[in-house]
Colleague: 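Here it is: the structure, laid out below.
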Number of protein chains: 2
Amino acid sequence: MDIKTRSDGSVKSVQLAFDVLEAVAASQEEVGVSELAAHLGTTKGTVFRHLQTLMERGYVDQNQTSSRYKLGMRSYFIGQTAAARIEILSASTEAVSALRDEIGETVVVSALRGTSLIVLRTVFGKSTLEIGVREGSELVLHGTAQGKIALAFSRKPLLQGVLRKGLEPITEHTITDPAAFDKELQLARAQGYVTAANQETFGINALAAPILDQTGDLVGTIAIVGSVQNIKHDPSHKQVEALLKASLRISWNLGYDKMTVSGRQP
Amino acid sequence: MDIKTRSDGSVKSVQLAFDVLEAVAASQEEVGVSELAAHLGTTKGTVFRHLQTLMERGYVDQNQTSSRYKLGMRSYFIGQTAAARIEILSASTEAVSALRDEIGETVVVSALRGTSLIVLRTVFGKSTLEIGVREGSELVLHGTAQGKIALAFSRKPLLQGVLRKGLEPITEHTITDPAAFDKELQLARAQGYVTAANQETFGINALAAPILDQTGDLVGTIAIVGSVQNIKHDPSHKQVEALLKASLRISWNLGYDKMTVSGRQP
DNA sequence: AATGATGTTTCGCATTGCAAGACAAAACTT
DNA sequence: AAGTTTTGTCTTGCAATGCGAAACATCATT
C-alpha cells in the first residue's frame, strides 16, 4: 500500500495527527477512538494521544457525555484566517455575492494549483434545487467551462498535459476532437468567456470567465453554474455582462489592469 | 517560560507543527523560515521540516519566487468543514444574514465554551465604518450585553466565577455594584434581551439575545453591535423584534422548542 | 570580492512517540 | 442480574524518529 520512497523530510507523527484530524473532519457524525483507529489502521492508544493533542489545541472537541470527538472551533478559525490570507478568496467575496444576487444562479470560484483547477467557493443560487460543485474538488480541464477558460488563458503549458492524456469523453457532448477543442479555446480567448453545456454532466451548463493576476496570468476562474434551461449554450447578454464584470473586478483586486498589462501570449 | 508539568499525554512534535501553522496564520504577510524559527525559539532546520509536512498536506503554501510561506487551501477547507459541523454555526448562518440585511447593523454570534464566551462569527453592517468584534476573541462576561445574557440564561454557575473575580470597571459605565448587576440579569431574563451601552467600549452598544439548545440551556448568544447612536439604551421595537426572531430561529434549529421545554431555572 | 542574509541539507544521539496489552466503564446479550 | 463485548483511557519497554547544531547553497547588498 505504501511505497518505500522514504526521505520525505516530513514529520511522521504530524502526518498521523493530520490523518486523525481529517478523519474526524470527514465524519459527518461525532466519531470514537476505536472507529478512528480501525479506519486509520493504527492502534487506539496512538489515536487517543493525538486526539488529546488536537483537543488541547482546540482543533477537536470531545462530547462530554458520549466521549466522542468532532471538529473544534480552532479548525474553524484557522479556516477564517486562511480565507483572509488567500488572495483569490478575499478578492472575490464581494463580487461573488453581488453576481449571485444579480443573476440568481450558483456561483463557483476555482483556483489553479499546479496543473489542477480546484473549487474554492460555491455560493448556491436562489433556486430551491441546489446545483453546485463541492468545495475542494478538482475540475476536469477538458470537460468544464472553467477548465477551458484555464487552458485558454493560463501561460502554463496546461494543454500539453491534457492532450497527452487524451480528450476522454465524459458525456456524449464532451469535445474529443483536438482540432475542435482548439477552436473552442480560441473562441474562449476571443470572447473572454465560454460555456460547456452537457459536457461533463447531462442537463448542467456553466458559464466561466478568467481571474487574472497583476502579470495577466490566470490564477483562477469564476463561473455561474445551473441547469441548461437557465444557462443556454449562447448565454443571455445579462448573464455574460454580469459575469465579465465580476471577473474583471476580482482581477482588478488582484492587481490586474488590462490597460497596463501587455497582450496575452498563450 | 514553560512550567515542567509534564505527562501531557500530548504529542510534542505535533504541538510544534501547530505552533508553526499558527505562526504562519498569525503573520499578515508571507513569512520566512528564519523569522519563524526566531519567533518560536527553535532552529531553522526544525521549522523547515515542519513546513515541509504542512506543505505536503496543503495547509501551507510556499511562494515559488520568494520561497516564503503562507496559509494554504487545505486550512481553508478544514475551516469550511468545521463550520458545517459546529452546530451553532450552521444553525445560525441564514438567520444571521437575514438579521443583518433587515437591521443593517453588525451581527455577532458567540458560543459558550467552558466558562468563556467566544466570538464565532461577525458579519459587518451596512455602514462604511466597520464596527465588529474579532472572531475568536473572548467577551467580558460582566461588561458586554452578550455576557450578561450568558450569565442570565446559562444553567452553569457562571455568575459565581464572575463575582469572585469582582465586577472590575472597564469604562465608567460598567456596572460594578453586585446588587445592580443582579437586577440587570433579572431584567435580561424577563425581557429575553439586554443592552450594554458604553459598558465595555465608549460609544458602542450591543443588543443581545440567548441561543438555547434542546434542553433549554444556553449555548451561545446573538447580538447586534453598533454605535450608541444607532442602538439606544432602549432599542427600537424593530431591532428587538428582529433580534428575538433570529434568536428563536437559531435555537429552534438546535432543537429548542419553547413549548416543550419546561421553565428555566437559573 | 566579501559579507550577511536567506532557505536547504546532513548527521549522530537521546528523546519520544509507537505498539501491545492491561484496565475501567459502559452497552449490549443472555 | 450475570456475562460478554466494546468502548475510552492508561502504562511500559524498545527502537524509530524528530531535534539541535553546524555545514551548505543561494541569493542580495556592500
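The model shown is predicted, which means the values in this text are computed figures rather than measured ones. Within every chain, numbering begins at 1; the chains are lettered A, B, ... in the order of the sequence lines, protein sequences first and strands thereafter.
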Colleague: Starting at the 5' end of DNA chain D and moving along, which residue's nearest nucleotide shows up first, A/Ser13 or A/Lys44?
Modeller: A/Lys44
Colleague: Taking the basic N atoms (NZ, or NE/NH1/NH2) and the acidic carboxylate oxygens, is any pair closer than 4.0 Å for A/Glu94 and A/Arg249?
Modeller: yes
Colleague: Quick one: are B/Val24 and B/Leu54 in side-chain contact, heavy atoms under 4.5 Å?
Modeller: no
Colleague: Does a side-chain N or O of A/Arg49 approach OP1 or OP2 of C/dC18 to a distance below 4.0 Å, or not?
Modeller: yes
Colleague: Between A/Gln214 and A/Tyr256, does any side-chain donor sit less than 3.5 Å from a side-chain acceptor?
Modeller: no
Colleague: Using modelled atom types only, decide if a donor and an acceptor are shared between the side chain of A/Arg49 and the backbone of B/Val11 within a distance under 3.5 Å.
Modeller: no
Colleague: Please identify which of these residues, B/Leu112, B/Leu151, B/Ile211, meets the side chain to side chain contact (heavy atoms under 4.5 Å, CB included) condition with B/Leu218.
Modeller: B/Leu112
Colleague: Going by heavy atoms closer than 4.0 Å, what residues in residues 58-69 of chain A are next to DNA chain D?
Modeller: A/Gln62, A/Ser67, A/Tyr69
Colleague: Looking only at non-hydrogen atoms, find the nearest pair between A/Ser66 and A/Glu30 and report the distance.
Modeller: OG-OE1, 3.3 Å
Colleague: So which one's nearest nucleotide on DNA chain D is more toward 5', A/Gly45 or A/Val14?
Modeller: A/Gly45
Colleague: What are the two closest heavy atoms between B/Leu158 and B/Ala150, and how far apart are they?
Modeller: CD1-O, 4.0 Å
Colleague: Could you tell me how far apart B/Phe48 (CZ) and D/dT26 (P) are, to the nearest whole angstrom?
Modeller: 13 Å
Colleague: Tell me yes or no: between the side chains of A/Gln186 and A/Asp182, is some donor less than 3.5 Å from an acceptor?
Modeller: yes
Colleague: Which parts of residues 27-42 of chain A get close to DNA chain D, meaning a heavy atom less than 4.0 angstrom away?
Modeller: A/Gly32, A/Val33, A/Ser34
Colleague: Between A/His50 and C/dC18, does any side-chain N or O lie under 4.0 Å from OP1 or OP2?
Modeller: yes
Colleague: Nearest to the A/Thr43 side chain among D/dG20, C/dA19, C/dC18, which nucleotide is it?
Modeller: C/dA19
Colleague: Write down the distance between CD (B/Gln15) and P (C/dT16), rounded to a whole number of angstrom.
Modeller: 12 Å
Colleague: Before accepting this row, confirm whether a basic side-chain N of the pair A/Asp19/A/Lys12 lies closer than 4.0 Å to the acidic partner's carboxylate O.
Modeller: no
Colleague: Report the nucleotide, chosen from C/dC18, D/dC10, D/dT17, that has the shortest atom-to-atom distance to any side-chain atom of B/Val11.
Modeller: C/dC18
Colleague: Atom CE of B/Met55 to atom C1' of C/dT8: distance rounded to whole Å?
Modeller: 12 Å
Colleague: Return the value, rounded to whole Å, for the distance between atom CD of A/Gln52 and atom P of C/dT16.
Modeller: 18 Å
Colleague: So, does B/Thr46 get its side chain near the phosphate of D/dC19, meaning an N or O under 4.0 Å from OP1 or OP2?
Modeller: no
Colleague: Which of the following nucleotides, C/dT8, D/dC19, C/dT16, is nearest to the side chain of B/Lys12?
Modeller: C/dT16
